[in-house]
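This chain uses plain numbering: 1 for the first residue, then up along the sequence.
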Amino acid sequence: MRISSLADSGCDLEIDAPAALNDGDCSLWIGAIGPFPATAIRKTARQLFLRFKEPLDRKIVAHFNCA
């Protein structure tokens, strides 16, 4: 699973197997930080958008977007 476009409200996920995650409630760990409750919304067979139930702290977003 690859995370991109990380923002305080959500992120995009690219998954290796199309059946690995369905629409609906889930939790996301980013490295050792989490879980972050979210709702998954399928975009394509291998891409999803995750909308976080509560905004991520700006420090977490800044840390993982600085690479």
Can you list every salt bridge (charged side-chain N to carboxylate O under 4.0 Å, His left out) pair that touches residues 26-39, not counting sequence neighbours?
none
With rounding to the nearest 0.5 angstrom, report the CG to OG distance, L56 to S9.
8.5 Å
Measure from the side-chain N and O atoms of D8 to the backbone N and O of V61, and report whether any donor-acceptor pair falls under 3.5 Å.
no
Under 3.5 Å, side-chain donor or acceptor atoms of residues 27-40 against the rest of the protein: list the pairs with distances, not counting sequence neighbours.
from : atom 1 : to  : atom 2 : distance (Å)
T39  : OG1    : D25 : OD1    : 3.4
T39  : OG1    : K53 : NZ     : 3.4

Is there a side-chain contact (heavy atoms from CB on, under 4.5 Å) between H63 and D57 once you walk through the steps?
CA-CA 10 Å; H63 174 77; D57 186 289; over 6 Å; no
Residue list, salt bridge (charged side-chain N to carboxylate O under 4.0 Å, His left out) with D23, at least two apart or on another chain
none
Criterion side-chain contact (heavy atoms from CB on, under 4.5 Å) on I3 and D12, from CA distance to verdict
CA-CA 6 Å; I3 299 171; D12 288 327; over 6 Å; no
Residues clustered with F49, ILVMFWY side-chain links under 4.5 angstrom:
I41
Taking salt bridge (charged side-chain N to carboxylate O under 4.0 Å, His left out) as the definition, give me every residue that meets it alongside R2, ordered by chain and number, with sequence neighbours left out.
E14, D16
Does anything in residues 28-40 form a salt bridge (charged side-chain N to carboxylate O under 4.0 Å, His left out)? List the pairs, not counting sequence neighbours.
none
